[in-house]
Amino acid sequence: MAVIGWAKSGLIANNLDHRRQNAHHPPHLYIRRPSPTTAEYTVTTRPPPSLTLRLALVSLTTLRLVLFLVALLLLTTHLSLLPRPVTQHPYLHPLLASPPYQALVRLTGPPLPAWAFAAAACAVLYVCFAWQLHTTERLLVLRGLGIQTSTTGEGVWGSWRPATRFIPTEKIRDVLINEAFRGFEVRYYLVVLVEGEEEVVVVFPRLLPRRRIVEAVWRGVRGCLYEQGGEGRGEKG
Amino acid sequence: MAPTYNIAMVSDFFFPQPGGVESHIYQLSSKLMDRGHKVIIITHAYDGRTGVRYLTNGLKVYHVPFLVIYRSTTFPTVFSFFPMFRNIVLRERIDIVHGHASLSNLCHEAILHARTMGLRTVFTDHSLFGFADAASILTNKLLKFSLSDVDHVICVSHTCKENTVLRASLDPLMVSVIPNAVVAENFKPYRNPGEIPKETFGQDPCPARPLGPHDTITIVVISRLFYNKGTDLLTAAIPRILENHPNTRFIIAGSGPKAIDLEQMIEQNVLQDRVEMLGPIRHEEVRDVMVRGHIYLHPSLTEAFGTVIVEAASCGLYVVCTQVGGIPEVLPSHMTVFAKPEEDDLVVATGKAIAALRANKVRTELFHEQVKSMYSWTNVAIRTERVYNGISGAISEAEFYGYDASDPATWSATRGRSGVQSFALIDRLKRYYGCGIWAGKLFCMCVIVDYLIFLVLELWFPRDKIDICPDWPRKTVDERREPGVR
Amino acid sequence: MAPPLSTLSNLPPDQVTASANASPHHRHYPTLVRSSTLPTLIPRSHRSDPSHLSPEDAFVSASPPRRPGLFDGGNGSGSEMGTRRMRPKDTSRSRSRRRKRFQKLLWVKQSYPDNYTDQATFLENLQRNPRVQPYDFWPLVADSTTIVQHVCSVIIFIVCFVGIFQERVSPVSVVGWGSFGTFLGWLLWDWWVGQEPQGNFDGVPRIREFRPPRRQDSEAGLPTPNPGTPSVSNTPALISAASSSTNLFQEHQNHHHQQQSQRPPLVGQDSSNGTSLSIPGHSHSRSVSSIHSVTSQTSGGATPRTAFGTEGYRDGAPWPVPPSKWGRTQLRLRAFKSAILIYFTLLGLSPILKSLTRSTSSDSIWAMSFWLLAINIFFFDYSGSWVGVHKFPVASLSTNAALMASTVLASRLPSTGQVFSLTLFSIEVFGLFPVFRRYARHRSWRYHVVLTVLLVMSASGGVGMILGCEADQWKNGLIGTVVGCLISALAMGGCSWWLIGLQKYKNEIYGPWDPARPIIISRRHWDDD
Amino acid sequence: MQGHDAFMRVFWPTDLPRSDVRGVVVGWRNSALDVFVLAILDEVEPRNVETALQIGTLTRNAPHPVSRIYELCGQSSMRVLGLANTPESVEVDSSWIRVTTGPGRRVPAVTCARASNIQIILFERPLPGRMQYISLNPIALALGDKKGSFRHDSPESGDDDDEKEERIRKEKKRRLVEKLKLHSVFNRVPSAKEKALPKIVNQINWAWELEQLLQKNVSRIGTRSKRSQSVSERVVESATIARDMMVLWLWDLFTFYVLPVIQRLFIMALMSHRFAAELLLTVLEWRLRPRYAALKDISATAQQVEIRLQQFCYWPMQYVTLRLRKNDWGSVTTSHPDYIRFYNSLWLVANDVIIGIALGSYIIDNSTWVAEEISDLLSTYTVEALQSSISWLMGWPAGLKLNSELALFLGDLFLWVIDYWSSCIELLRPVLPHIIWFIGFSSFAGASMPIALFSDLLSVLTVHIYSFYLASARIYHWQLNILISLFHLFRGKKHNVLRNRIDSCDYDLDQLLVGTILFTLLFFLLPTVVVFYLNFAIARMAIISLKAVFDTLLSCLNHFPLFAIMLRVKDPRRLPGGIRFELRDTQDFRLATNNSPHPIPSTSVIYLKVRTPSLPHRQMLTIEQSIPLNFKAMFHQYFQMGNRIRKHYLSPHVVLCLLTGKFVPPLNRKNLYSLQYSMLPARRAGVLEMWDAVNSLPSPKRRAVPIVVPVLANGKRLSNNGGRIRSYG
């Protein structure tokens with residue numbers, strides 16, 4: 001824990017993004033380590049798999065699906081994209097003719113302008129498609145190659161395609177744990193000092209996990225990254 | 001073995017900003033750490049110093065991001081510091097909060113919050129305040145507010161103690177007098193000729209001792225050139241001194257708004273060759289400047305302790321100083337010549353000093369050892385430690401206050417009684433209530449609000465959500481260092 | 001025990017500031033402390049010396065209002081603490097360190113704990129109210145006349161404006177009479193100046209003025225060459241008068257202007273120094289701005305002024321003392337020059353002034369001018385100091401405020417002539433007349449009184465006329481005169497009584513922690529920052 | 001080396017043809033246990049391969065010098081790395097690897113005697129023929145050679161202060177980073193494996209070409225069963241060869257006689273054009289004094305012309321460099337960004353011209369109508385609106401307490417000037433259609449040209465507003481200063497210049513009188529001046545924002561990363577944005593070790609992802625690829641420019657200037673356009689350099705053969721190989 005040096009706090013304090021850490025579930029740490037030379041640390045807010053969780057997920061997915069389809073249908077009907085034979089299709093027709101759907105159509109009908117409805121529908125589509133439930137952040141350590149961080153954000157804008165960053169080993173000046181003010185508290189977090197870069201790379205930037213996790217990851221990284229598995233190496237000389 | 005504490009020094013003034021309070025805090029903390037305590041420092045963020053730093057001796061400094069208004073004192077918001085302060089205190093497991101400098105709002109807020117959180121608090125006062133003008137009246141109210149519920153107060157001189165007792169209407173028994181000190185090693189007189197003097201300061205670096213009748217006597221002045229440092233006196237006195245005593249010269253170091261007056265004086269009666277103005281110098285250069293002189297002139301108008309004259313004496317200079325504030329207590333009479341804060345008297349006193357030096361009546365070469373024996377930071381740390389022991393009940397009140405707490409009932413609610421000074425809200429409110437007719441009620445309201453905030457914080461940021469940070473390896477008192485970290 | 005606490009712990013700021021202006025120079029001379037001036041309300045503590053405070057005072061002073069409930073406990077503590085305070089000595093005695101007695105020094109290794117409080121030496125050189133002069137009634141009244149004069153002249157100006165505005169009075173007559181009066185005054189002044197003996201052309205007024213500070217200096221052990229004995233006689237009256245005026249004046253001040261509290265904690269200042277406040281120094285970097293003088297009366301930026309003044313008369317006037325003939329012609333020339341300049345400037349500007357505030361609504365103009373005149377009255381430099389004829393002791397802020405008010409008022413007038421005449425009149429009233437008043441008062445007390453009476457009567461008469469209807473304005477004038485005189489007399493007496501009554505609340509704590517006030521003699525210039 | 005680390009790293013191309021025949025694994029051996037697989041040569045003897053690699057048989061008749069391979073891949077020679085699909089019985093060198101692969105299995109099973117655990121890093125080979133490549137850090141679209149160059153060659157102007165403070169911030173950051181360097185817990189020497197990464201990237205880029213080469217030459221080594229060709233095949237082969245000869249002969253004729261002439265002519269035209277450009281550029285860049293603004297700093301048109309000319313001057317050089325690329329291996333990736341930049345600018349100009357033609361034809365067709373519109377706009381907005389607003393200000397507007405006399409005076413003054421100006425506009429009106437026509441005509445040189453002309457036209461036609469703004473600002477500023485100093489006098493103070501602070505000063509009576517009266521006067525006259533000033537300031541601000549819009553449009557037209565975006569859509573692998581790895585889930589090594597009796601090397605399989613959407617695999621389906629070069633990086637400079645504009649116009653400094661009536665400087669063109677210059681070098685090549693460059697261009701005569709033929713041959717051989725392997729499978 002002595003790896004806190006002189007100048008970094010300033011950098012980090014600017015670096016830390018003050019996005020709201022999703023508090024609904026404390027982040028877990030999962031470790032995949034197929035060989036001693038390779039390890040992947042995953043910190044995620046996804047709770048450990050359980051039956052209830054599965055059920056909840058399934059129901060949520062179905063709900064999304066339904067919403068998606070309904071929005072799609074409404075869009076098509078309002079913009080009258082569906083060709084006639086499709087609407088007359090024996091499977092689809094009863095649904096389109098059903099009173100609740102008609103009510104929906106009327107609800108989203110003329111009083112609000114078509115473009116507004118279209119925009120709303122597109123938004124709904126996007127949300128249904130791209131909504132992320134959990135934040136997942138990974139740290140992949142490859143001995144001899146380097147470190148790769150990846151972040152999958154939660155929420156709509158947290159793009160579900162992980163944003164990755166690979167840092168080759170000889171670029172890594174040091175991996176260390178630092179403290180900084182964040183909001184009303186002082187947090188521990190893991191940083192990678194990159195050779196010849198202004199900003200240090202914060203690992204797990206979104207959900208800054210607690211000190212326990214951070215320390216575990218830090219030891220693991222030290223052990224895995226360098227050839228002579230250096231448990232004691234990082235300590236302040 | 002003696003108990004060790006986790007101490008948080010809170011003050012607005014700390015490095016990188018230079019100054020007396022800053023070095024006091026630093027020296028005291030490092031000496032306390034040598035005695036096996038854990039010390040952290042909480043101050044506000046300076047330009048380029050944000051976040052958490054470790055100094056090289058393992059002293060941990062929290063530079064809390066705060067709004068700075070005037071001369072690096074933070075904006076007096078009574079409560080806004082509380083969440084951060086609580087977080088720091090909890091994660092560092094602090095049990096004694098030690099605030100410095102009565103002009104620092106951070107310190108006052110910290111003391112208030114610390115009492116709310118049920119910690120022991122100590123306050124060190126470094127400065128004197130009059131009762132005259134409205135500014136100091138406001139300051140005194142603030143001081144009274146934060147000192148109404150402090151466990152112990154430390155003053156740097158007896159005058160300072162009297163002043164604080166009157167300002168905050170404290171019980172004199174809960175005010176200790178622990179002077180500042182100097183690091184005598186950094187202020188050795190210029191003795192060994194082998195030492196290469198810095199050529200950056202003028203022509204003759206080595207003052208010849210013993211003085212012949214016609215040697216040039218150099219008078220050194222090192223102070224910030226503000227009004228209350230007596231720069232006006234200096235400006236008025238220098239030409240007269242110089243005209244009375246032919247071969248003397250001045251070296252003036254320091255900067256400030258009054259520097260222009262000095263320069264004008266120098267230009268008006270042409271003294272460029274006899275008065276040398278060095279401008280601002282760093283604290284580590286002070287010694288190099290001092291050893292070039294024979295007399296240190298200190299024309300201050302108010303001074304709680306006056307560390308600089310001790311430094312000067314330690315450098316083997318004969319000190320001429322005004323008789324104000326705590327200065328008369330600082331140095332024995334054979335090292336100093338006192339003057340009233342008047343131009344004529346200053347001139348006369350300087351004349352006396354010069355005469356004494358010329359007659360070689362003053363054994364300035366002995367000063368260093370004497371000063372070293374008088375003032376040392378270790379001693380300060382030991383005495384401060386006694387205060388900690390006293391307030392945390394490690395030593396009995398009878399020993400600490402010199403009386404036996406006959407019945408705690410009567411004392412539980414009165415001002416600072418260690419051990420039995422209860423944290424109960426009602427008792428604290430009683431203490432605050434007496435601060436004045438209106439102020440008392442206002443203060444009580446503040447305290448209640450503070451307590452409510454505390455409760456809210458307990459709910460919002462529960463304690464188990466706060467990471468406890470590991471300690472720097474403590475030194476045992478017998479100086480045996482543990483190897484490594486954890 | 002209760003009162004000292006109240007006086008100690010919660011002083012209202014204004015009283016402390018008011019009590020704060022005291023000159024430092026008694027500090028090292030406790031004998032000079034007038035215990036008689038202690039407010040009788042403060043009981044003597046058990047100490048013999050009232051000006052000393054015992055530790056109990058410091059401690060108990062904090063308790064009673066704080067806990068009425070536990071007050072008895074606190075009270076008991078007072079007695080019980082005396083014993084307790086001995087205890088440390090006992091313990092130390094038991095540790096057989098008795099022979100070393102406590103020294104109030106930091107460099108000796110004390111044989112006592114750090115928080116030991118020695119009864120003999122604790123707070124030994126604390127003083128209360130070291131310098132308070134009692135005010136006696138008549139000088140106060142006499143001194144309040146200056147204020148009355150000024151207020152009256154302002155009233156007269158307003159009356160004239162109203163008269164012109166309602167076209168009761170022709171502006172030409174107003175300005176004519178005004179100019180005539182001014183001319184007479186100038187003649188008188190010139191004559192006086194001619195009369196003034198060469199020797200104390202500068203000296204006499206200075207000696208009078210600087211008597212008080214010099215006395216203090218001498219008390220403060222400052223060598224004072226050439227004591228001007230002749231003028232000792234009427235000094236105290238003058239001092240007390242001036243001081244009372246300034247003090248009374250501060251009673252207004254503290255309610256209105258808080259800029260005193262913005263002042264840095266400079267040296268306090270005895271009110272008698274206020275007399276010397278408004279001496280303008282040399283032409284460079286000395287100020288007579290009365291805002292300065294007022295605030296520095298409380299926060300005492302003015303000590304050096306005294307010092308300056310003493311220096312001024314000691315080593316001759318810094319400016320060359322003009323020989324009378326030459327000086328007088330030069331003075332006349334200057335007077336003429338400025339008169340011409342002002343005249344033509346006004347002549348040129350009055351058409352613009354006429355249409356200046358047409359678009360502004362009247363009531364805002366009235367409010368504005370009211371505030372400006374209030375500023376003028378409050379910031380006026382009442383301390384009747386005298387600098388010598390060569391210099392107009394003008395107080396910038398108040399004069400400017402008055403002039404601005406008159407300009408604003410004048411801009412409401414329909415015709416150019418009215419504008420011009422009103423502005424000119426205002427210049428005479430606010431610019432020149434105060435100088436004349438001051439000089440008259442400086443000349444002799446009789447002129448002063450006469451002038452006061454005249455002013456009061458004319459002002460009140462004018463108010464009566466304005467208030468009354470056109471028809472019987474002379475009767476109204478008469479009534480107004482009577483009523484005005486009564487009111488002014490009452491006000492003067494009442495205010496003086498009030499001030500004297502306020503004196504007993506004065507309580508000033510003074511000790512070595514207060515920043516010393518440097519006594520600097522060879523000061524070239526003074527600037528307070 | 002071998003002693004302590006017993007972990008092996010194997011780089012394995014995923015798209016290597018998988019066959020279960022025995023083969024020899026050939027590749028680079030970066031360090032003892034760090035191998036890079038290039039190819040599996042089927043059915044050959046390991047020692048033959050070894051010797052062949054030694055004597056270079058396998059790299060026979062390479063199109064380009066072979067040494068280049070070795071220097072770029074950082075190895076002295078290719079080595080035999082191990083055997084594929086050989087039974088355990090065959091004993092091999094201990095450092096060799098045994099690979100068992102086959103059509104069925106995705107991931108080859110690799111074992112090595114010396115390695116306790118193995119990292120297999122699968123990667124997809126970029127195709128050099130399609131200019132795909134990978135790189136560690138994202139490709140730079142902008143020319144990187146001038147970070148500071150625009151700072152010092154731009155004339156110091158009003159908005160250098162924000163530049164300055166930006167620089168100061170950078171400096172502070174840099175110092176912080178320096179401190180960071182001071183903190184080094186321990187500096188460890190990177191091992192061979194870690195240093196190898198850049199080399200490996202090169203090797204990956206080379207993998208495809210080398211494998212082709214090896215496979216082509218594998219026949220030279222005696223494979224086991226080399227069956228003879230059938231007659232038909234021989235006939236076909238001869239026929240193809242004959243056709244190739246024919247084509248070659250014709251091509252030679254053409255290149256020998258016709259091409260040089262064309263080249264000469266073209267070069268002549270180029271040089272003459274270059275001379276003209278040089279002249280124009282000198283005109284554009286000529287400035288009276290080094291401090292003064294050049295023509296191109298003043299007018300947008302000049303700027304635009306200059307940019308175009310610069311581009312024209314730069315293209316030949318770029319083209320030359322690109323041509324030089326041709327006579328080198330396709331895997332040399334250094335010139336790819338140049339390629340993209342070159343074609344990007346070409347595309348942009350083409351686009352510009354296309355849009356311009358459309359626009360220009362439109363404008364020319366109804367130039368009269370446009371002229372009408374413009375003159376109407378002018379008269380309504382720059383004359384009538386102004387007049388109405390001024391006359392509105394002249395009678396007390398919005399209950400403001402203005403001084404009617406002054407307002408009348410000022411209003412009349414400005415109205416008079418406006419009338420004069422409108423008469424000038426009237427004079428201009430008949431000429432306007434011609435101007436418009438000219439603008440439309442100019443737009444055949446690109447749509448950016450008319451835009452620039454329009455923005456210049458705007459600034460010319462609103463010069464009166466500009467002057468009004470200047471005048472009123474002057475008056476207002478002056479009055480404000482006087483008021484401040486008079487206010488000091490009012491308080492009986494004065495500003496001490498020596499100490500730069502407010503001193504108290506005693507004035508004479510007459511000074512006070514005059515000063516106070518003037519103060520009152522100016523104080524009451526202030527609002528009138530303020531409203532007039534604000535009126536013109538607002539107009540000025542509107543015009544400036546309009547010009548800013550024009551400039552943004554211009555920079556869009558001049559710097560839109562069109563080509564990059566199209567590449568991104570067409571073939572993302574040509575825009576490398578870095579690499580990423582992906583851990584394939586294999587069994588956890590602890591389990592593996594404890595549940596298996598004999599310790600098999602714990603293997604971890606890693607995919608080196610180079611933006612391949614393929615790699616058909618179930619687990620892979622969940623991971624989509626990160627955008628090769630994300631759009632943020634593409635449009636980075638736009639964000640930069642946006643920031644610059646925002647910082648200049650929305651800064652408190654500007655607001656302060658507006659309030660105190662100081663002159664608000666427009667954004668310096670240089671700063672605004674530095675974006676557009678980012679495609680161009682800091683200094684353009686001189687005429688002579690260009691001449692040399694153009695002449696140094698190799699005549700395509702001899703080059704033609706290797707370019708045309710081997711590609712064909714490769715293609716054929718490739719198919720052949722594949723076919724053969726399959727036939728054996």
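Letters go in sequence order (proteins before strands), and every chain restarts at 1.
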Which atoms form the tightest heavy-atom contact between [X] and [Y], and what is the distance?
X: P518(C); Y: L233(B); answer: CB-CG, 3.6 Å
X: P328(B); Y: L105(C); answer: O-CD2, 3.9 Å
X: K109(C); Y: S373(B); answer: NZ-O, 3.2 Å
X: P512(C); Y: T159(B); answer: CG-CG2, 3.7 Å

Distance check, rounded to the nearest 0.5 Å: [X] atom [atom1] versus [Y] atom [atom2]?
X: Q103(C); Y: E329(B); atom1: CD; atom2: CD; value: 11.5 Å
X: S157(B); Y: K104(C); atom1: OG; atom2: NZ; value: 9.0 Å
X: I519(C); Y: K340(B); atom1: CD1; atom2: NZ; value: 9.0 Å

Tell me, side chain or backbone of [X] under 4.5 Å from chain C's heavy atoms, or both, or neither?
X: P299(B); answer: neither
X: V310(B); answer: neither
X: R167(B); answer: neither
X: V175(B); answer: backbone
X: L331(B); answer: backbone

Quick one: do V177(B) and D114(C) satisfy side chain to side chain contact (heavy atoms under 4.5 Å, CB included)? Show the steps, please. CA-CA 5 Å; V177(B) 174; D114(C) 290 330; 5.5 Å; no
Decide yes or no for Y375(B) and L106(C): does some side-chain heavy atom of the first lie under 4.5 Å from some side-chain heavy atom of the second?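 In contact.
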V165(B) side chain near F122(C) side chain, heavy-atom distance below 4.5 Å: yes
Decide side chain to side chain contact (heavy atoms under 4.5 Å, CB included) for W513(C) and F129(B); before the verdict, give the C-alpha distance in whole Å, the side-chain angles of both, and the deciding distance to 0.1 Å. CA-CA 7 Å; W513(C) 46 80; F129(B) 280 91; over 6 Å; no
Among G130(B), G326(B), A304(B), P332(B), single out the residue with the greatest number of heavy-atom pairs under 4.5 Å to chain C.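 When all of G130(B), G326(B), A304(B), P332(B) are compared, P332(B) has the most.
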Chain C contacts, top residue of V156(B), N140(B), V387(B), N163(B) (heavy-atom pairs, under 4.5 Å):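 So the answer, after comparing V156(B), N140(B), V387(B), N163(B), is N163(B).
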